[in-house]
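Here the structure comes first, spelled out in structure tokens, and everything after it is commentary.
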Amino acid sequence: MELWFTEKQTDHVGITCKTRGTLMRKQSQYQEVAVIETEQFDRVLLLDGVIQTTIKDEFIYHEMIAHVPLAVHPHPRRVAVIGGGDGGSIREIIKHGSVEKAVLVEIDEQVIEASRQYLPEISCGLDDDRVEVLIADGIAHIRESKNTYDVIIIDSTDPVGPAVGLFTEEFYRDVYEALTDQGIMVAQTESPYYEPELVQRTFARINAGFPTTRLYIAYIPSYPSGMWSFTLGSKQCDPLSIDDGKLQALKTRYYTPDVHRAAFCLPRFVQELVTP
Ligand code: SPD
């Protein structure tokens with residue numbers, strides 16, 4: 001008998017993966033947390049039936065959400081990840097020697113537990129000495145942190161349920177206040193192809209508070225449409241200005257200094273979403 005998992009990505013389109021079975025499935029206080037094993041992507045973390053990360057293609061998302069802002073900041077020492085309980089962003093952040101402290105603020109402890117148990121390749125950085133894991137509401141944490149972080153990464157789920165507040169202008173204002181003088185934020189901002197209005201709206205909300213706001217993209221096979229957007233807000237630094245030399249030592253599979261620059265070159269229909 002063949003078993004297939006389908007994530008309904010829109011009302012009319014889904015992604016279907018042949019599965020080997022379900023490794024865990026648990027209702028937490030916030031959502032259903034599950035890990036399944038698939039033929040194409042190996043183990044896959046699902047939250048409320050939506051693919052969050054997969055063993056095979058997670059490197060693309062996590063390298064692009066972490067290394068782009070860390071490459072732009074001249075000397076990132078303190079970094080926060082809001083969400084991202086699988087630990088993939090943290091694993092990439094601690095590759096940067098300048099980072100003294102990386103704080104993960106995840107609201108749902110079950111996501112961290114499932115990732116520690118079933119996705120050790122992704123969660124392995126969580127035990128690093130420089131990492132602090134807080135089980136807490138990221139919105140409140142950011143509201144209470146002033147002038148604290150050099151880089152803030154918003155590694156959220158889609159804007160439904162607990163993540164809705166992570167896509168608001170008020171939250172981005174608090175992120176601005178939580179950043180130090182040369183601070184930079186990045187948020188995952190969904191599929192420009194399937195969610196153009198959301199991408200446009202989110203960009204405008206970040207742009208309302210940050211002097212420099214830029215959208216960049218990466219290609220993630222397990223995410224809706226493959227093309228995925230990230231929005232970067234910067235207080236002072238130019239997102240296109242990076243020190244290639246400093247980045248040569250990074251061990252990555254997707255991110256390179258050239259990919260960094262290319263990621264900001266947008267197809268016309270995407271550029272039009274963020275051009276006033
Ligand atoms: N459609 C799913 C988008 C999920 C984005 N966040 C994933 C978290 C991985 N660390």
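Whatever order the structure lists them in is the order used to number ligands and atoms, beginning at 1. Values below: every heavy atom of this structure, side chains too, minus hydrogens, waters and symmetry copies.
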Listed pairs under 3.5 Å, donor-acceptor, residues 71-79 side chains, sequence neighbours left out:
from	atom 1	to	atom 2	distance (Å)
H73	ND1	H75	N	3.0
R78	NE	T148	O	3.2

Show me, pair by pair, the donor-acceptor contacts under 3.5 angstrom made by side chains of residues 159-172, not counting sequence neighbours?
from	atom 1	to	atom 2	distance (Å)
T168	OG1	G165	O	3.1
T168	OG1	F171	N	3.2
Y172	OH	L166	O	3.1

What distance do E37 atom CD and C17 atom SG have between them, rounded to the nearest 0.5 Å? 12.5 Å
A side-chain contact here means heavy atoms from C-beta on lying under 4.5 Å apart; do H96 and L250 qualify? yes
Using the salt bridge (charged side-chain N to carboxylate O under 4.0 Å, His left out) rule, collect all pairs that involve residues 235-254, keeping only residues at least two apart or in two chains. D244-R261
Go through F230 and Y61 one step at a time and tell me if the ring pair (Phe, Tyr, Trp, His ring centres under 6.0 Å) criterion holds. CA-CA 10 Å; F230 302 86; Y61 176 93; 5.6 Å; yes
Sub-4.0 Å heavy-atom environment of ligand 1, residues by chain: V50, I51, Q52, Y61, H62, D86, D155, S156, D158, Q188, Y223, W228
